[in-house]
Amino acid sequence: MEYDFRNIEANWRKKWARDESYKVTEDPNKKKFYVLDMFPYPSGAGLHVGHPLGYIASDIYARYMRHKGFNVLHPMGYDSFGLPAEQYAILTGQHPAKTTEQNIERYREQLDKIGFSYDWSREVRTSSPEYYKWTQWIFGLLFNAWYDLDSNKTRPISELIEKFEENGSYGVNAHMDEEWWKTYLLEADHIFSPYFEGEFTDTDWKSMSEAQKEALLMNYRVSYLADSVVNWCPALGTVLANDEIKDGVSERGGHAVEQKKMRQWSMRISAYSERLISDLDTIDWPENIKEIQRNWIGKSSGARVRFQAEKEVTIEVFTTRPDTLCGVSFLTLAPEHESVEVLTTAEQRDAVMDYVANAKLKTERDRMAEKKISGVFTGSFALHPLTGEQVPIWIGDYVLAGYGTGAVMAVPAGDQRDYDFAKHFNLEIKNIFAESDLSEKAETSKDATLANSDFLNGMNYHTAFDAVCERLVELSAGEKRVNYRLRDAVFSRQRYWGEPFPIYYENGIPRLIDTEELPTQLPDVDAYLPTESGEPPLARAKNWDRNGMPMECNTMPGWAGSSWYFLRYMDPNNHSVFASEERIKYWGQVDLYMGGAEHATGHLLYSRFWTKVLFDLGYIPFNEPFKKMINQGMILGRSSFVYRIKDSNTFITFERRKEFETQRLYADISLVDNDKLNIEAFKNWLPEYANAEFMLNENGEYTCGWEVEKMSKSKYNVQTPDELVEKFGADTLRCYEMFLGPVEQSKPWDTKGISGVHNFLRRFHRLFLANETFSVSSEEATAAEMRVVHKTIKKITEDLERFSWNTVVSAFMIATNELTDLKCNKRAALEPLVIMLSPYAPHLAEELWKNLGHSTSVMNESWPVAENKFLEDDNFEYPVSFNGKTRFFLSLPVGISAADVEAQVMAHESTVKYLEGKTPKKIIVVPKRIVNVVM
RNA sequence: GCCCGGAUGGUGGAAUCGGUAGACACGCAGGACUUAAAAUCCUGUGGCCAUUGCGGUCGUGUGGGUUCAAGUCCCACUCCGGGUACCA
């Protein structure tokens, strides 16, 4: 009886589906464990072998935890809104819902073949109205919320309105744009004087019109409408988030991106910067992901310093080096800085206007590409707050409008860019360091001793920082300040295939649609393109209004639906809430999250943000979504090459390719086995190769060359899991993907080794056979056999606990080899192994379990426990080394003392030989480890 | 530039707490079975020297250090991968 994996796997797949074997229900008597995979975007290309890597690892862990007695939530779904389906729709006119549906079907088919233990009754799709109803509801929560800096919490907007009613803005400490009142003054019909700087009384509030109140509140809301400079991609006709741009072009398609001011929905994620950084310490994530997030949020501690300029203008700068304040020799403003106009003198006007206009034309990408130093003098000066000196004010495009205050104090002595700027324009370079040579470059060390700096002389960064800040406060010229790089996230997309906003406009005032009326369904359109006038596709929809009032035409970005999906799995069919309180309380945080590291600054940041909002507002009892995360590495392809002799149809084997001038061509990896080309199959592959001739190696074979590259159709190196399941079975594929190496490591896919793993499963299967039929002995297992079993239990359990999936497979192989050598086919030894194998090879394990006479599924069996009595050995084989070199082995009873071990070693005949007549200086005995004789 | 990873046989990798480097598997070589091939099974397999056998010696990117003992810890460097950037 051979290992008939095709029948075994097909039968069990059917049975699992029929019995809904993987359905989980909330059981208060059992401890929960939540294992989650990052859900996929269902693309048209389907899965290749790289996709299931993480899914297999998490599935094994989920099954392991089930054996350990946990109630395991292990769901799967689809992140089904997205650009590719929309672009396909633009090309073909087919509704994106339809292609999405087809792709999902294909994904499901592929996933099912691999034997995952997903509870499919909990499947979610971000594009289904039942799901996005709650995405819209959460948007509403954020719209009706503000961020209170006093309690450091998100709070309902109604509380803010109450405060306004009572005391106006006084006593309100909200997170908002510091200069919000400037934009507010530009809004229509405000009631404030030109001296309004943000504070207003309850009387002011009460006297405001509805529209004025709403416009004011917009500055407080966590999700708000504002004019923002956005990354506009004309080719895609949409706005992109920073993390959707790579190297200055769109991540998808590689199109040019430009800066444009647009009225957009934004999310006040910047309010959460500090918590997003500090809470990283509370979660068990890979250190590199935490580091990427820390860098992305970009906390920097420094000071704000105000310089009094002419014409009543104050220039405020942010610096991380207030200690170098006395080295300021000029100020630099971003070309977009609001004071540029006022400060420019008549003589400089032409030059400045020219420079500013030029900067505007350049996209951020151009500015970056151009490493040239450029700038222009405004003609104005500002007063240095400490020295009282006149400091020239310059404009330079190395200063970014969007970071800090859009202005810097330039200290050429202490900052390389300021130094370069000063050199270029021949500006003063004041040496404020005692021992630094500034002839070549700036002094950037924080340990350098300050000089020419008045009361700071002799100090360095560490000692001067507080001293300067104190003085600035005394002079009212500045104060300590923490700055974050993280900016608010633009939430509007000019796309069709996304969640519509539950927003309509009443006389221009945005109004939220009530929860009872959600979902706001995505309307049908005649084409998936922007309108003639440049409005988003939804503007094409008929009746896209609410009682005549226009609906919002933007849709939400891809990260909206994925920011909270882990909560919906807990209660996917609930029609009255996004997930019930009891279920959220029961399932809690995701205990193990498996997915790619590429979402570090996108999905993983946004879902942490939304989780904090939901936590603050009391909807969930935890403020981090994913307790532990593991990133699976990328699986690369291994392309195969053949070498055609130039201007011929003759192919020469890899070994001899240098004998001729050759052209390297791709060969489909399905035509190659262990780098040997299947010549007949190759000839039949493409018509142009039908009459090909071959020059072979000395063994009469054609060897191919190879290279590791990304998997892609054009490289003929895509390996689908389906082919391997067909050839070797799902159990083999699962074990092999794990056997490849540590999950978190990127590695090339190589099918070479799969036969070894397949062989192992066959050998394991053979342990249960006698005379080619299933037969196990009920005899008591020998000590040697039990030792193998319990050693394996111990090893596998420890390895799974530390997420070392690959070494578990090795341990299984070793156990199988040893039991084969012992000719063991005893039930007592084999049953625990079947249970342990079931997370890795669930089909085979179920089959063997059934054949062992069990009527229940192996997946519910408890995990075996390693018993020490089987592991203890009377003797330990000591490696005896001399000066660290192992020379011989000595088997000694484990119980004896170190002194006895030493005596036995010294008495050994070989010891004399290796001592070479010398007297040992010292003898190190580590019990049950090693003996080292030092001479 | 800065930050974070990594480098172990022909290949993927193992070595969990500083304690026998190379587990397990692939590949390769030899053998058994076979008319032959496939499949299967057995043996060998880090380099060099020696080889009848015992063995010796070098060896975890490079150079140094700590230690009885270093792939593992420390210092300096080289190369590779990832993140990020006129971020003040």
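Reminder, nothing fancy here: chain letters follow the sequence lines and each chain counts from 1.
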Identify which nucleotide among [options] has an atom closest to any side-chain atom of [X], counting heavy atoms from C-beta outward.
| X | options | value |
| --- | --- | --- |
| A:Asp397 | B:C86, B:C68, B:U20 | B:C86 |
| A:Arg487 | B:C87, B:C68, B:A25 | B:C87 |
| A:Asn759 | B:C41, B:C87, B:U84 | B:C41 |
| A:Ile930 | B:G83, B:G19, B:A88 | B:G19 |
| A:Leu400 | B:C87, B:A21, B:C41 | B:C87 |
| A:Phe889 | B:A88, B:U20, B:C3 | B:U20 |
| A:Ile814 | B:C58, B:A23, B:C4 | B:A23 |

Legend entry - Reading 5' to 3' through nucleotides 9-16 of chain B, protein heavy-atom contacts under 4.0 Å coded B for base, S for sugar-phosphate only, - for none: ---BSSSB

Inset, instruction - Determine whether more than 12 heavy atoms belonging to other residues, nucleotides or ligands lie under 6.0 Å from atom NZ of A:Lys290. - result: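 More than 12 within 6.0 Å, yes.
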
Inset, instruction - Mind listing the residues from residues 875-884 of chain A sitting with a heavy atom below 4.0 Å of RNA chain B? Number order is fine. - result: A:Pro879

With rounding to the closest Å, how many angstrom separate the [atom1] atoms on [N] and [M]?
| N | M | atom1 | value |
| --- | --- | --- | --- |
| B:C41 | B:C24 | P | 16 Å |
| B:G13 | B:C3 | P | 28 Å |
| B:C48 | B:U40 | C1' | 36 Å |
| B:G9 | B:G61 | P | 7 Å |
| B:U11 | B:A23 | C1' | 16 Å |
| B:G47 | B:G59 | P | 16 Å |
| B:C4 | B:C73 | P | 16 Å |
| B:C86 | B:U72 | C1' | 41 Å |

Inset, instruction - Tell me whether B:G10 sits syn or anti, counting syn as a glycosidic angle within 90° of 0. - result: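 Anti conformation here, the glycosidic angle of B:G10 being more than 90° from 0.
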
Legend entry - Syn/anti state for B:C17 [syn: chi within 90° of 0]: syn

[X] [atom1] to [N] [atom2], straight-line distance once rounded to whole Å:
| X | N | atom1 | atom2 | answer |
| --- | --- | --- | --- | --- |
| A:Leu333 | B:C86 | CG | P | 19 Å |
| A:Ile289 | B:U84 | CD1 | P | 11 Å |
| A:Asn631 | B:G83 | CG | C1' | 13 Å |
| A:Asp323 | B:A88 | CG | C1' | 13 Å |
| A:His424 | B:C86 | NE2 | C1' | 15 Å |
| A:Gln416 | B:C2 | CD | C1' | 14 Å |
| A:Tyr736 | B:A25 | OH | C1' | 9 Å |
| A:Lys299 | B:C2 | NZ | C1' | 19 Å |

Inset, instruction - Classify the side chain of A:Asn288 versus the base of B:C4 as yes if they form a donor-acceptor pair under 3.5 Å and no if they do not. - result: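 Under the 3.5 Å cut-off, the side chain and the base do not form any donor-acceptor pair.
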
In the structure shown, which nucleotide is the Watson-Crick or G-U wobble counterpart of [N], with both distances under 3.5 Å?
| N | value |
| --- | --- |
| B:U84 | B:G1 |
| B:C48 | B:G56 |
| B:A25 | B:U11 |
| B:G61 | B:C77 |
| B:C68 | B:G19 |
| B:U40 | B:A32 |

Does a side-chain N or O from [X] land closer than 4.0 Å to OP1 or OP2 of [N], or not?
| X | N | value |
| --- | --- | --- |
| A:Arg417 | B:A85 | no |
| A:Lys921 | B:A69 | no |
| A:Arg929 | B:C17 | no |
| A:Arg887 | B:U57 | yes |
| A:Tyr914 | B:G56 | yes |

Inset, instruction - Apply the ring-ring contact (aromatic ring centres under 6.0 Å, His included) test between A:Tyr736 and each candidate in A:Phe760, A:Trp749, A:Tyr840; give the one that qualifies. - result: A:Trp749

Legend entry - Test log, rule ring-ring contact (aromatic ring centres under 6.0 Å, His included), inputs A:Phe5 and A:His765: CA-CA 10 Å; A:Phe5 60 86; A:His765 179 253; over 10 Å; no

Using 4.0 Å as the upper bound for N to carboxylate O, is an ion pair formed by [Y] and [X]?
| X | Y | value |
| --- | --- | --- |
| A:Lys794 | A:Glu798 | yes |
| A:Glu479 | A:Arg306 | yes |
| A:Arg294 | A:Asp281 | yes |

Inset, instruction - Between A:Arg766 and A:Asn932, name the one whose nearest nucleotide on RNA chain B is closer to the 5' end. - result: A:Arg766

Inset, instruction - Report the residue (A:Thr405 or A:Ile924) whose heavy-atom-nearest nucleotide on RNA chain B is the more 5′ of the two. - result: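 Mapping each residue to its closest nucleotide by heavy atoms, the 5'-most match is A:Ile924.
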
Under 3.5 Å, which donor-acceptor pairs do the side chains of residues 921-935 of chain A form with other protein atoms, sequence neighbours left out?
| unit_1 | atom_1 | unit_2 | atom_2 | d |
| --- | --- | --- | --- | --- |
| A:Lys921 | NZ | A:Met935 | O | 3.2 |
| A:Asn932 | OD1 | A:Ser881 | OG | 3.1 |
| A:Asn932 | OD1 | A:Gly884 | N | 3.0 |

Legend entry - Working for ring-ring contact (aromatic ring centres under 6.0 Å, His included), residues A:Phe330 and A:Phe421: CA-CA 10 Å; A:Phe330 56 99; A:Phe421 196 86; 5.5 Å; yes

Legend entry - Non-hydrogen side-chain atoms of A:Arg608 and A:Leu280 separated by less than 4.5 Å: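 The answer is yes, as the side chains (C-beta and beyond) meet within the 4.5 Å cut-off.
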
Inset, instruction - Mind telling me whether A:Phe803 and A:Tyr61 have parallel, tilted or perpendicular rings, with 30° and 60° as the class edges? - result: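 The arrangement is tilted - the two ring planes meet at 30° to 60°.
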
